[in-house]
Structure formats: C-alpha cells, structure tokens
Visitor: 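Dumping the structure here so I can ask a few things about it.
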Amino acid sequence: MKPNNNNSCMDSTPLPTREGQGGGAAFFNPETETLSREQIEALQLERLQQTVRHCMNNEFYQKKFKEAGITPDDIKTLADVRKLPFTTKQDLRDTYPFGMACVPLRDCVRLHSSSGTTGNPTVILHTQKDLDEWANQVARNLWMVGLRPDDVFQNSSGYGMFTGGLGFQYGAEKLGMLTVPAAAGNSLRQIKFITDFGTTAIHAVPSYITRLYEVMKEQGVDPRRDTKLKMLAIGAEPHSEEQRQRIEDLLGVKAYNSFGMSEMCGPGVGFECPEQNGMHFWEDYYIVEIVDPETLEPVPDGEIGELVLTTLCREAMPLLRYRTRDLTRVLGRTCPCGRNHIRLDRMRGRSDDMMVLRGVNIFPIQIEKILMQFSELGNNYLITLTTDAENDNMTVEVELAEPTDDYKKLQTLEREIKRRLKDEILLTPIVKLVPQGSLPVSEGKAVRVVDKRKVYQ
Ligand code: AMP
Ligand code: ZN
C-alpha cells in the first residue's frame with residue numbers, strides 16, 4: 001500500500017490475523033506506523049478536510065462554523081486547523097444526548113456515557129467503523145510493546161461505561177491474544193487468574209496495580225517466581241515516573257503508560273513504545289495541538305500547555321479541536337523505534353486537578369513524585385485540604401511500607417518528607433504516616449485529593 005494514495009481510514013492495510021503475521025514483525029500496521037513526517041502531514045490534511053466536510057451534517061457544527069465565519073473550503077493547509085472553533089466538554093453536555101452526532105442514529109452501534117458531577121452527563125457515539133478503528137489503535141499499541149498472539153492478556157479494568165474495559169478487550173482480541181475480561185477489583189480472584197491462566201500482560205490503573213502487588217505479597221505469591229507476567233499497561237489516571245518505576249521494581253516487569261479519553265474513543269490514543277520516552281499519539285487518527293490554556297495560542301515544543309485533539313477518522317461523532325484540559329508537552333516528533341508519530345510527556349494532570357493553596361499552584365502528581373522516592377513509604381496516599389481559623393491547610397496521609405513502632409525513626413522520616421515536599425511545592429504540609437491498608441482504595445481511578453475547604457464568597 002502507498003500511504004499517499006490511500007487516505008480513507010478504512011482502506012488501511014488488512015490487519016494481521018493470528019496466523020497471518022509472524023511474531024517477529026516490528027509493527028502491527030507497518031504502513032501507517034512508519035510514515036515519514038511529510039507523509040503524516042499530507043495524510044492529516046486530507047483527513048482533516050474530509051472530517052470538516054463530514055461535520056457539516058450536524059447542526060451544532062453548522063452553527064459554530066457560521067459564527068466563526070468559515071466554511072470547509074477554508075481548510076487549505078494543516079495550519080488552517082487553527083481557524084476551526086474549539087469544542088469542549090460543555091458542548092457535549094449542552095447537546096446531550098445525541099446533538100453532536102454526524103451520522104443518523106441508526107448507523108451507530110454503541111455509546112459510552114460518563115456521568116457528570118454537575119449537569120448532564122456526556123455521550124460518545126460509535127459506528128461499527130469507529131469501533132474497528134479503536135480496536136486497531138489498541139492492538140497497535142500492544143503489539144508495539146511486544147505482545148503477540150501467544151500472550152495472555154488480563155484486563156483488570158472496569159467494564160461497562162468506562163472505556164478501559166471494552167476498549168482493551170476488543171484491541172487485545174484484534175491482536176489475537178487470549179483475553180481475560182477480569183474487570184476491576186477482587187484481587188484474590190485476579191491473582192488466581194494470573195497464576196492459573198499464565199497471564200503475561202495486565203492492563204489496570206496504576207493505583208490498582210500497587211494494591212494487587214500488596215495482596216500478592218500477603219498471599220505469598222512472588223510475581224517473578226510464580227507468574228509469567230512480562231508487561232503491564234497502566235493508565236487512565238495521572239501517575240509520576242517515580243510511581244511507574246516503583247511498579248516495575250515491585251513486579252519485575254515493564255510498565256507502559258497508556259493514555260485515552262472517552263471523547264476520542266477511549267484507550268489507545270497515546271501509548272509508550274519500548275523506548276519509554278513519552279507516549280506516541282497516533283497522528284493518522286488525531287491532530288495534536290498544545291495550547292496555552294489562557295490565550296489558546298500554540299506553545300513551542302517542550303513547553304507545558306493544554307492538549308487539544310481533533311479526530312481524523314471518526315464517523316459517528318468527530319470532535320474538532322477538543323480541549324482535553326490535560327496538561328503536557330511535546331517531547332519529539334521522531335523516535336529510535338521507527339515511529340514518527342508525535343511523542344508527548346506523561347500528563348501532569350488536568351487543569352481542573354490543580355490545587356491552589358495559599359496562592360500556590362500544586363498538582364497531586366508533584367506530591368506523589370516525592371513520596372515515591374522514600375522506600376519506607378507504601379504506595380497509597382491521600383491529600384486533604386481544610387480550612388482552620390486562619391489558613392487553608394494541606395494534610396498528606398501516606399501509608400508506611402512496613403509496620404514499625406520506632407517512634408524516633410518515624411519522626412525523622414516525617415521531618416524529611418516535609419522538607420522534600422516543601423522544596424517541591426513551596427509550602428509545608430502536615431504529614432501523617434499511617435499503617436498499610438488504612439487509606440481508602442477505589443476500584444476505578446484513584447481519588448487522591450479531598451477538598452474540605454470552606455469557600456468564602
Ligand atoms: P475518561 O474519559 O473517563 O476515560 O477519562 C479521560 C481522562 O483520564 C483524561 O482526560 C486524563 O485526564 C485521564 N487520563 C487518561 N489516561 C491517562 C494517563 N495515561 N495519564 C494521566 N492521565 C490520564
Ligand atoms: Zn517510539
């Protein structure tokens with residue numbers, strides 16, 4: 001296949017089958033994964049023009065284009081993407097449930113919905129082609145990190161509306177692996193599956209992997225000795241490089257960062273390659289922009305900004321310049337692995353996760369980064385914000401790795417944690433060292449911050 005002559009997503013190379021592709025092949029979709037930068041950009045322009053025309057089937061976009069004074073014919077170069085209006089989660093809420101569909105509802109075969117804490121939930125619609133492309137993206141990622149049809153993939157992620165379940169399920173099946181829909185929680189059962197089925201790879205949120213390890217330890221199961229595990233896909237929630245390293249050390253396997261969001265499809269949007277130097281975002285499926293969240297102007301490569309994504313292959317519900325609220329930066333556009341799809345740094349968090357305490361901006365991941373450097377500390381922590389008579393305060397509760405009643409040692413440790421945290425976040429929190437297993441664990445994404453501050457009007 002010549003990529004330049006074949007610009008419709010669905011005409012891409014026939015996907016390898018379980019028998020079809022030798023395990024030695026480096027790429028799952030060689031033609032699209034190894035495009036040069038020029039080829040990627042040519043393909044993106046063509047697909048952007050198609051997508052924009054397709055959006056004109058929908059009233060919401062017709063109105064937005066009219067307000068912006070543009071038509072699809074104004075998209076002549078890739079840089080013209082900046083002429084397009086942004087879309088936001090609020091747009092999805094305002095058009096709930098089906099107001100952003102660009103195809104008739106009878107052409108859709110699935111929806112995913114996320115419940116909103118305020119207002120309407122959001123709904124994401126999929127045609128069969130959208131689901132096939134999504135599975136292809138996930139399969140591509142898993143192949144990239146060395147998984148092959150002989151592997152056994154255990155998906156320890158919530159199913160149902162949470163896209164990490166079905167997203168990885170179909171992707172792992174498309175690759176041809178024996179796929180175990182273990183779902184989240186029930187660690188004893190998870191461990192039984194891992195040992196009985198010879199699981200070689202697990203997908204889960206990072207906070208759950210550390211919990212799983214603790215239960216393995218309690219059960220006398222040594223992941224290196226008693227399992228065939230060789231890799232983990234971890235994602236869906238922010239985590240620090242330090243947490244990843246800790247997970248790799250505990251389980252003795254590589255852990256690859258996986259980024260996704262329901263609005264784009266779900267998992268599969270970005271994934272680390274074996275270089276583990278940023279996540280490749282698949283630019284044949286998305287246009288990636290990093291903008292200043294205040295001015296909405298592009299920031300230079302290397303600078304932190306808000307990730308903005310435009311879908312290039314989605315039929316049911318394409319999204320133009322979707323403001324993800326996730327903060328990251330461009331690390332590079334080439335890679336020794338042979339893929340020239342853009343590499344983005346691990347997410348710093350969402351702009352909505354940022355805590356402002358006594359005028360200082362703090363992300364939970366900054367605190368995690370410090371905690372994970374102490375081998376005396378366990379994996380679970382909780383940040384609580386409160387107001388006392390004079391001030392807003394932060395309390396960091398963190399579990400100890402091993403029980404101890406050496407009071408002096410604990411005091412020294414606490415002092416040292418405070419000092420290191422102050423260097424990182426510029427204020428000194430209250431630090432409480434608590435026994436392992438005493439902080440809440442959630443089955444889905446970890447809750448790291450509880451904000452009990454009084455809001456003064
Ligand atoms: P959802 O649509 O519910 O799956 O949530 C998507 C959001 O989860 C993203 O916008 C990110 O804020 C977060 N997320 C997903 N994957 C990652 C990751 N690998 N690292 C950090 N945050 C992530
Ligand atoms: Zn790479």
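What you are looking at is a predicted structure, and each value in this text was computed from that prediction instead of being measured. In listed order, ligands and their atoms are each counted from 1. We number each residue from 1, following the sequence as shown.
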Visitor: Establish, from distance only, whether the side-chain atoms of E173 and Q169 form a donor-acceptor pair under 3.5 Å.
Guide: yes

Visitor: Does M261, backbone or side chain, put an N or O under 3.5 Å from an N or O of ligand 1?
Guide: no

Visitor: Between K89 and D352, is the closest basic N to carboxylate O distance under 4.0 Å?
Guide: no

Visitor: Is it the case that Q50 and E46 place a side-chain donor and acceptor less than 3.5 Å from each other?
Guide: no

Visitor: Tell me whether the rings of W282 and H280 are parallel (<30°), tilted (30 to 60°) or perpendicular (>60°).
Guide: parallel

Visitor: Heavy atom under 4.0 Å from ligand 1: found in E237's side chain, backbone, both, or neither?
Guide: backbone

Visitor: Taking atom 10 (O) of ligand 1 as the point of reference, which of T328, D326, L327 owns the nearest heavy atom?
Guide: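 Looking at heavy atoms only, the winner is D326.
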
Visitor: Any idea which atoms of ligand 1 are less than 4.0 Å away from a heavy-atom of R350?
Guide: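 Close to R350: 9 (C), 10 (O), 12 (O).
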
Visitor: For atom 7 (C) of ligand 1, which protein heavy atom lies nearest, and how many Å away is it?
Guide: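 Scanning the protein heavy atoms, the shortest distance from atom 7 (C) of ligand 1 goes to K445 NZ, 3.7 Å.
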
Visitor: Please say whether S258 places an N or O atom under 3.5 Å from an N or O atom belonging to ligand 1.
Guide: yes

Visitor: Charged N to carboxylate O below 4.0 Å: is that the case for D392 and R358?
Guide: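 No, no charged N to carboxylate O under 4.0 Å.
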
Visitor: Does a side chain donor of either S207 or R448 reach within less than 3.5 Å of an acceptor in the other side chain?
Guide: no

Visitor: Quiz question: by atom type and distance under 3.5 Å, do the side chains of E133 and Y285 form a donor-acceptor pair?
Guide: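 The criterion, which ignores hydrogens and geometry beyond distance, is satisfied for Y285 and E133.
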
Visitor: Classify the ring geometry between H112 and H126 as parallel (under 30°), tilted (30 to 60°) or perpendicular (over 60°).
Guide: perpendicular

Visitor: Within the 4.0 Å heavy-atom shell around G235, which atoms of ligand 1 are there?
Guide: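 What qualifies from ligand 1 is 19 (N).
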
Visitor: Among all the protein's non-hydrogen atoms, which is closest to atom 2 (O) of ligand 1, and how far away is it?
Guide: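 Minimum-distance protein heavy atom for atom 2 (O) of ligand 1 reads S262 OG, 2.7 Å.
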
Visitor: Say whether H239, considering both its backbone and side-chain N or O atoms, lies within less than 3.5 Å of an N or O atom on ligand 1.
Guide: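 No, H239 has no N/O under 3.5 Å of an N/O on ligand 1.
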
Visitor: Considering only the protein, which heavy-atom contact is closest to atom 13 (C) of ligand 1, and what is its distance?
Guide: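 Here the closest protein heavy atom is A236 O, 3.6 Å.
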
Visitor: With a 4.0 Å heavy-atom cut-off (strictly under), which part of N257 contacts ligand 1: side chain, backbone, both or neither?
Guide: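 For N257, the contact with ligand 1 is made by the side chain alone.
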
